Amino acid sequence: MATASPSVFLLMVNGQVESAQFPEYDDLYCKYCFVYGQDWAPTAGLEEGISQITSKSQDVRQALVWNFPIDVTFKSTNPYGWPQIVLSVYGPDVFGNDVVRGYGAVHVPFSPGRHKRTIPMFVPESTSKLQKFTSWFMGRRPEYTDPKVVAQGEGREVTRVRSQGFVTLLFNVVTKDMRKLGYDTGPLDTQGVSRPSPPQGFPQ
């Protein structure tokens, strides 16, 4: 008896928010959430999380290490709206208030395998000197009411931002039934399991 062809494919993502570089700041924590299209639905794991507070390492790198786990599975009928992970990093200011130190977003890698991504972070800027002084004096930096806006293009062109820091992520990506639905995610090996392409100049 022929098996029915699948109507959905699965995307399984695990890994970790590994570390960050914020030379000017210390004692930071990180929040993450996933943003995805309307045809996507999470079936297992966590869509969002918040890490512990970490301090800079004492070596030359002065890295902020979280090693905060990510583990989520999505199902979808088409790749439009492929999931993005949105990161928000927070830490104390001189008055002890938690303020945003950086926003960033990146798509979950499309091909199965292990991937490392370094995301440049940014913060919204006040548009005038008076607003800058007021936000410093009141201990309230400009921030987004919903961090998910970072993953959307709409309205972003009117926001003034400043680059600030980097966050490194590790992804392990597994897909299921994408090829059966006609989507090519990479070359097949002899067992029929999709794997990432070898670097150029390497033997197959």
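Bear in mind that the values here come from a model prediction, so they are computed numbers and not experimental data. Computation of the quantities below employed the complete heavy-atom set of this structure, encompassing side-chain atoms and omitting hydrogens, waters and symmetry-equivalent molecules.
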Parallel, tilted or perpendicular, judged at 30° and 60°: which one describes the rings of Y32 and F34? perpendicular
Atom NZ of K75: over 12 foreign heavy atoms under 6.0 Å: no
Would you kindly confirm whether V174 and I70 end up in one hydrophobic cluster when ILVMFWY residues are joined by side chain heavy atoms under 4.5 Å apart? no
Are there more than 12 heavy atoms of other residues, nucleotides or ligands under 6.0 Å from atom CD of E47? yes
Closest approach of L28 and G91, non-hydrogen atoms and distance? CD2-CA, 3.5 Å
Does a side-chain heavy-atom distance below 4.5 Å link L87 with L169? yes
Residues, nucleotides or ligands: over 12 heavy atoms within 6.0 Å of Q58 CD: no
Near I53 CD1, under 6.0 Å, is it more than 12 heavy atoms from other residues, nucleotides or ligands? no
Out of curiosity, M12 CE to N14 CG, how far, rounded to the nearest 0.5 Å? 10.0 Å
Do you know the tightest heavy-atom contact between V150 and G104? CG1-C, 3.9 Å
Linking I/L/V/M/F/W/Y whenever any side-chain heavy atoms sit under 4.5 Å apart, do Y90 and V149 land together? yes
From OG1 (T175) to CZ (F9), nearest 0.5 Å: 8.5 Å
Within the 4.5 Å heavy-atom criterion, are W82 and W40 side-chain neighbours or not? yes
Within the distance-only criterion (no hydrogens, no angle test), does the side chain of Q84 pair as donor or acceptor with the backbone N or O of A105 below 3.5 angstrom? no
Side chains of L46 and D71: closer than 4.5 Å at any heavy-atom pair? no
Assigning hydrophobic clusters by single linkage (Ile, Leu, Val, Met, Phe, Trp, Tyr; side-chain heavy-atom cutoff under 4.5 Å), is L10 placed with I85? no
Within 45° of the ring axis of Y25 and under 6.0 Å from its six-membered ring centre, is that where the NZ or CZ of R101 lies? yes
Under 4.5 Å between any side-chain heavy atoms of V13 and F171, yes or no? yes
M121 side, atom CE; Y103 side, atom OH - distance, nearest 0.5 Å: 9.5 Å
Side chain T73, main chain T43, donor-acceptor under 3.5 Å: no
Any side-chain heavy-atom pair from R179 and D184 closer than 4.5 angstrom? yes
Please check this pair: side chain of Q62 against backbone of P23, looking for a donor-acceptor N/O pair closer than 3.5 Å. no
Mind listing the closest non-hydrogen atom pair of V72 and F74 along with its distance? CG1-CE1, 3.6 Å
Is there a donor-acceptor pair under 3.5 Å between the side chain of D39 and the backbone N or O of S76? no
Locate the shortest heavy-atom distance separating T118 from P120; write the atom from each residue and the value. O-CD, 3.7 Å
E18 and V65, any side-chain heavy atoms less than 4.5 Å apart: no
Cluster link V173 to F110, ILVMFWY, side chain under 4.5 Å: yes
Applying a strict under-4.5 Å side-chain criterion to I, L, V, M, F, W and Y, I'd like to know whether V108 and V106 cluster together. yes
Sequence-distant partners of S51, side chain to side chain contact (heavy atoms under 4.5 Å, CB included), two or more places apart: Y29, C30, W66, F68
Is any side-chain heavy atom of D26 less than 4.5 Å from a side-chain heavy atom of S55? yes
In chain order, what residues pass the salt bridge (Lys or Arg N to Asp or Glu O under 4.0 Å) check against K180, with sequence neighbours excluded? D177
So with a 6.0 Å cut-off around OH of Y183, is the heavy-atom count from everything else above 12? yes
